[in-house]
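Treat the numbers as computed from the prediction; the structure is a model and nothing was measured. Reckoned from all heavy atoms, side chains included, excluding hydrogens, waters and symmetry mates. In what follows, chains are A, B, ... by sequence order, proteins preceding strands, each numbered from 1.
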Amino acid sequence: MRIATFNVNGIASRLDLLLEWLAESKPDVACLQELKSPDARLPVDAIRRAGYGIVGFGQPSWNGVAILARGREPIETGRGVPGLEADPQSRYIEAVVDGVIIGCLYLPNGNPRPGPKFDYKLRWFESFNDHAKKLFGCGMPVVLAGDYNVVPTDADIYNPASWRNDALLQPESRAAFTQLIGQGWTDAVRACYPDRVPYTFWTYWRNRYQRDAGLRIDHLLLNAEAAPMLLGAGVDRNVRGRPGASDHAPAWIELAIGND
DNA sequence: ATGCCATCAGCATGATGA
């Protein structure tokens, strides 16, 4: 069972690239972020024609998350993070696919810092961690996949010095991620690449992709039930190099579940 | 210190992203 996470940076303007990637990578589950689309304008028909069921949580212009399942309908188990019921931003959706709980998240960026946006990031992170702790011990395999907007360590970025003041590298952001991992979660891509992790994001500026001047901010975390099923992981790096691409590349894991 | 490049909304340019 292949589970992927992909920040599409606008699903309407990149639908063809999304469908192309689905056809070639064939993830069984795809967690999408930054749809930048209201629910009514999600390209549900095109995604269904491509063979995927979908549950989506959009909003106009910004944010937005969705879970796709190949040949199946994801069973939605929640949207929005508990404790943040008044959150006006669509950043979390959760579903069950083939007995696996899939949490799809788009954690706030947090820039500029300091300021209300960074405060919002930390508040959101804290509530998410509370929810993650409950999920960890629920007894089912759980995968938390998405754009965490955190560079966990200096090994996860080409040059930490030039990003030192960014919200993605702040000690508070990293401490929240470390606290999450401390609940027992396995960072699947890290586990499969102990020496040199692949990046998942390259800004559009200054040929950063061509220079592989990237950041690793898209993560897939596994609870104790899911971690023993991990067969492999990777990043579809070439997707980022296509004309009109998102600034993120898809990251994925392979779990020993199902018949595919 | 700032812009880089790109989205959306909406039709010129601002808010936003990371």
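Comparing B:dC5, B:dA9, B:dC8 by their nearest atom to the side chain of A:Ala12 picks out B:dC8. In this structure, of B:dG17, B:dA9, B:dC4, it is B:dG17 that holds the atom nearest to the side chain of A:Arg91. Among the nucleotides B:dT16, B:dC4, B:dG17, the one closest to any side-chain atom of A:Glu34 is B:dG17. Among the nucleotides B:dA6, B:dA15, B:dC4, the one closest to the side chain of A:Tyr204 is B:dA6. Between B:dG17, B:dA9, B:dT7, one nucleotide has an atom nearer to the side chain of A:Pro60 than all others, and that is B:dA9. In the set B:dA6, B:dT16, B:dC8, the nucleotide with an atom closest to the side chain of A:Lys117 is B:dT16. Proximity note for A:Lys36 (side chain, C-beta onward) versus B:dG17, B:dA9, B:dT7: the nearest is B:dT7.
The residue among A:Phe201 and A:Gly10 whose nearest nucleotide of DNA chain B is located toward the 5' end is A:Gly10. Along DNA chain B, the nucleotide closest to A:Leu35 and the one closest to A:Asn63 are compared, and the more 5′ of them pairs with A:Leu35.
Of all non-hydrogen atoms in A:Asn149 and A:Lys121, the two that sit nearest each other are O-NZ, 2.7 Å.
For the residue pair A:Tyr106 and A:Trp124, no side-chain donor N or O sits within less than 3.5 Å of a side-chain acceptor on the partner.
A cation-pi contact, defined as under 6.0 Å to the ring centre and within 45° of the axis, is absent between A:Arg208 and A:Trp202.
Residue A:Ser61 is in sugar-phosphate contact alone, with no base atom involved, counting any heavy-atom pair closer than 4.0 Å across all strands shown. Here A:Tyr209 lies out of heavy-atom contact (under 4.0 Å) with every strand. Backbone-only engagement by A:Arg41 is indicated by non-hydrogen atom pairs under 4.0 Å involving sugar-phosphate atoms exclusively. A:Lys121 comes within 4.0 angstrom of no nucleic acid atom, judged by non-hydrogen atoms across all strands. Residue-level contact check: A:Asn207 touches neither bases nor backbone, having no heavy atom under 4.0 Å from any strand.
In this structure, the side chain of A:Arg14 engages the main chain of A:Gly244 through a donor-acceptor pair within 3.5 Å. Between the side chain of A:Asn223 and the main chain of A:Val142, a donor-acceptor pair closer than 3.5 Å is present.
Rounded to whole Å, the distance from CZ on A:Phe118 to P on B:dT16 is 18 Å. Rounding to whole angstrom units, CD of residue A:Gln210 and P of B:dC5 are separated by 12 Å. Here the P atom of nucleotide B:dC5 and the CG atom of A:Asn111 are 19 Å apart, to the nearest Å. Whole-Å rounding puts the A:Arg208 CZ to B:dC4 C1' distance at 8 Å. Following rounding to the nearest Å, A:Leu15 (CG) and B:dC8 (P) show an atom-to-atom distance of 12 Å. Rounded to an integer number of Å, the gap from A:Asn7 CG to B:dT16 P is 17 Å. Here the P atom of nucleotide B:dA9 and the CD atom of A:Gln59 are 11 Å apart, to the nearest Å. Put simply, CH2 on A:Trp62 is 15 Å from C1' on B:dA6, counting in whole angstrom units.
Separating the P atom of B:dT16 from that of B:dA1 is a span of 23 Å, rounded to the nearest Å. Of the P atoms belonging to B:dA6 and B:dT2, the separation is 23 Å, rounded to the nearest Å. Comparing B:dC5 with B:dG10, their P atoms sit 26 Å apart, to the nearest whole Å.
Atom CD of A:Glu76 is surrounded by more than 12 heavy atoms from other residues, nucleotides or ligands within 6.0 Å.
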Per-pair distances, 0.1 Å, donor-acceptor, side chain in residues 176-184 of chain A, under 3.5 Å, sequence neighbours excluded:
from	atom 1	to	atom 2	distance (Å)
A:Thr178	OG1	A:Arg174	O	2.8
A:Gln179	OE1	A:Asn129	ND2	3.0
A:Gln183	OE1	A:Lys133	N	3.2
A:Gln183	OE1	A:Trp185	NE1	3.0
A:Gln183	NE2	A:Asn129	O	2.9

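Taking the six-membered ring for Trp and the full ring otherwise, A:Tyr92 and A:Phe128 have centroids separated by under 6.0 Å.
Tracing side-chain contacts under 4.5 Å through hydrophobic residues (I, L, V, M, F, W, Y), one reaches A:Leu35 starting from A:Ile54; they form part of the same cluster.
Residue pairs meeting the salt bridge (Lys or Arg N to Asp or Glu O under 4.0 Å) criterion with at least one partner in residues 30-41 of chain A, sequence neighbours excluded, are A:Glu34-A:Lys36.
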Study note, to complete from the structure: Per-residue pairing states of DNA chain B in dot-bracket (Watson-Crick or G-U under 3.5 Å; . unpaired, | other strand) read ....(((((...))))).

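Residues that satisfy the side-chain contact (heavy atoms from CB on, under 4.5 Å) test with A:Gln89, not counting sequence neighbours, are A:Gln59, A:Asn63, A:Asp87, A:Arg91, A:Tyr120.
Checked against A:His248 for a side chain to side chain donor-acceptor pair (under 3.5 Å), the options A:Asn9, A:Asp218, A:Thr200 give a single hit: A:Asp218.
A heavy atom lying under 4.0 Å from DNA chain B marks the following residues of residues 143-167 of chain A, by number: A:Asp147, A:Asn149. In the region residues 241-251 of chain A, proximity to DNA chain B at under 4.0 angstrom, judged on heavy atoms, holds for A:His248.
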Practice item. Could you check A:Arg237 against A:Tyr209 for side chain to side chain donor-acceptor pair (under 3.5 Å), going step by step and ending with a plain yes or no? Key: CA-CA 9 Å; A:Arg237 189 183 186 286; A:Tyr209 173 71; 3.0 Å; yes

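The residues A:Asp156 and A:Arg196 are annotated as not salt-bridged, no charged nitrogen and carboxylate oxygen being separated by less than 4.0 angstrom.
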